[in-house]
Amino acid sequence: MDTKSVRVAIIGSGPAGLTAAIYTARANLEPMVIEGEISSTSDQPGGQLMLTTEIENYPGFINGIDGPELMTNFKAQAERFGAQFHSAKVTKVDFSSRPFALWTSDQGGDEPSYRADALIISTGARSIMLGLPKEIELIGHGVSTCATCDGFFFRGQEIGVVGGGDSALEEALFLTKFATKVHLIHRRSELRASKIMQDRARANPRIVFEWNTRVVELLGDAALEGVLLENTVTGEQSKLGVTGLFVAIGHEPNTSVFQGLLSMDQSNYIVTHDGTRTSVEGVFACGDVQDHIYRQAITAAGSGCMAAIDVERWLEATHHG
Ligand code: NAP
């Protein structure tokens with residue numbers, strides 16, 4: 001494939017990247033979206049929403065909408081305004097001079113696939129999973145990585161949360177609004193979470209701590225029916241009849257390809273300033289790849305809009321516009 005010159009390349013096609021595509025396409029910037037490759041993880045076209053079922057808190061959909069359907073709509077809307085899509089992963093980038101060079105997974109040889117005047121990075125983040133059989137298949141059928149998104153579906157049920165950090169306790173506390181009992185399953189006997197979160201969790205009568213415990217098997221085929229637990233000290237196994245399991249053992253941003261090229265925080269999230277600007281002029285970042293706090297489809301979409309506007313203004317100011 002010959003190197004193609006584009007004005008704006010967008011890497012990643014979750015809510016952030018696709019919103020950036022809609023806005024830059026409507027601004028006649030003819031964006032090229034390098035959307036990722038089909039896989040069974042959240043690191044795929046459409047991002048983490050491809051692994052969810054119903055989304056009830058995305059504004060505008062009174063009765064909710066399926067995650068994949070929402071992402072299909074985002075993409076069709078971007079295509080309607082002329083955004084182009086390329087199904088591949090970006091494997092290498094060169095930010096040392098402009099236009100920036102991008103290499104993709106489907107291309108051999110030394111020449112880059114694209115040269116782009118401006119770049120929007122929206123590669124998202126992925127939840128760290130336990131790595132158990134059936135775990136990915138059961139996402140949306142009892143297994144979840146987002147209490148804000150899915151807690152409501154577990155009203156009146158008994159559920160588990162895995163992890164001992166702030167995320168796990170935050171999820172557990174939130175889930176007590178819906179669940180009759182929340183089992184906090186932690187592999188050690190001490191929590192990693194901050195003192196204030198620990199105090200809140202310990203004071204909540206609906207949270208039961210399962211200390212020195214790990215999940216070794218997910219029970220049920222079409223939907224989660226329980227989990228098999230193992231005591232990490234004694235090795236003793238027991239069944240827990242939970243219908244929901246929230247995995248809250250941390251997130252990882254999809255930033256390995258940009259390591260050493262952009263400023264990142266200690267957890268490898270891209271650091272942005274003045275809106276969506278990164279440490280390299282002309283490179284912008286939006287969505288979960290630069291946000292470890294809110295992590296919602298609507299906040300990702302909002303920052304995708306910001307990135308598109310930032311890019312448009314930057315291109316105008318640097319005489320590319
Ligand atoms: P974290 O602090 O890294 O905690 C991850 C937890 O998951 C740890 O308790 C860890 O156990 C456990 N874990 C990791 N891998 C596991 C595995 N394979 N099986 C079972 N358990 C596993 O991650 P986080 O809770 O997502 O927090 C990330 C950062 O965001 C932290 O700095 C946190 O303070 C911050 N945060 C803050 C808030 C808040 O202030 N409200 C909310 C969320 C997050 P071990 O303890 O044994 O290692």
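Heavy atoms only: backbone and side chains are in, while hydrogens, waters and symmetry mates are out. Whatever order the structure lists ligands and atoms in, that order sets their numbers, starting from 1.
- Side chain of S144 to backbone of D150: no donor-acceptor contact under 3.5 angstrom is found.
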Just do the side chain to side chain donor-acceptor pair (under 3.5 Å) check on N212 and H186 with the steps written out, would you? CA-CA 6 Å; N212 296 318; H186 182 38; over 6 Å; no

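- For atom 25 (O) of ligand 1, the closest non-hydrogen atom of the protein is S167 N, 2.9 Å.
- No close placement of the F178 and F154 rings is indicated, their centers lying 6.0 Å or farther apart.
- Summary of contacts: the protein heavy atom closest to atom 37 (C) of ligand 1 is D166 CB, 3.5 Å.
- Of the protein's non-hydrogen atoms, G164 N, 3.0 Å is the one closest to atom 9 (O) of ligand 1.
- If you number the atoms of ligand 1 from 1 as listed, the ones under 4.0 Å from a heavy atom of L130 come out as 19 (N).
- Between the side chain of E158 and the backbone N or O of K181 there is no donor-acceptor pair closer than 3.5 Å.
- Ranking the protein heavy atoms by distance from atom 23 (O) of ligand 1 puts G250 CA, 4.0 Å first.
- Put simply, part of H186 is less than 4.0 Å from ligand 1, judged by heavy atoms.
- The nearest heavy-atom contact from the protein to atom 22 (C) of ligand 1 is I249 CG2, 3.4 Å.
- Ranking the protein heavy atoms by distance from atom 20 (C) of ligand 1 puts R187 CD, 3.8 Å first.
- The distance criterion of under 3.5 Å between nitrogen or oxygen atoms is not met by G163 with respect to ligand 1.
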As a quick check of understanding, evaluate side chain to side chain contact (heavy atoms under 4.5 Å, CB included) for I159 and L245, giving each step before the final call. CA-CA 6 Å; I159 59 182; L245 188 73; over 6 Å; no

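- Within a 4.0 Å radius of atom 29 (C) of ligand 1, the protein contributes no non-hydrogen atoms.
- Separation of atoms OG1 (T104) and NZ (K4) is listed at 12.0 Å; rounding is to 0.5 Å.
- Geometrically, ligand 1 and H251 share no nitrogen or oxygen pair separated by less than 3.5 Å.
- Residue H292 has no nitrogen or oxygen atom sitting less than 3.5 Å from a nitrogen or oxygen atom of ligand 1, judged on distance alone.
- Side-chain contact, N231 with T213: no donor N or O sits under 3.5 Å from an acceptor N or O.
- Remark: R155 fails to qualify as a cation-pi partner of F153 under the 6.0 Å distance and 45° angle criteria applied to the six-membered ring.
- Using modelled atom types, one finds no donor on one side chain facing an acceptor on the other under 3.5 Å when comparing N254 with T123.
- When only interatomic distances are considered, the shortest N/O to N/O separation between G165 and ligand 1 falls below 3.5 Å.
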Salt bridge (Lys or Arg N to Asp or Glu O under 4.0 Å) between D117 and R98, worked out: CA-CA 6 Å; D117 292 337; R98 294 202 298 260; over 6 Å; no

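- Counting the atoms of ligand 1 from 1 in the order shown, those under 4.0 Å from a heavy atom of R188 are 45 (P), 46 (O), 47 (O).
- Both cation-pi conditions hold for R202 and F209: the charged atom is under 6.0 angstrom from the six-membered ring centre and inside a 45 degree cone around its axis.
- Nearest to atom 8 (C) of ligand 1 among the protein's heavy atoms is R192 NE, 3.6 Å.
- Taking only nitrogen or oxygen atoms, main chain and side chain alike, R295 does not reach within less than 3.5 Å of ligand 1.
- Here the heavy atom of the protein found nearest to atom 39 (C) of ligand 1 is E170 OE2, 3.9 Å.
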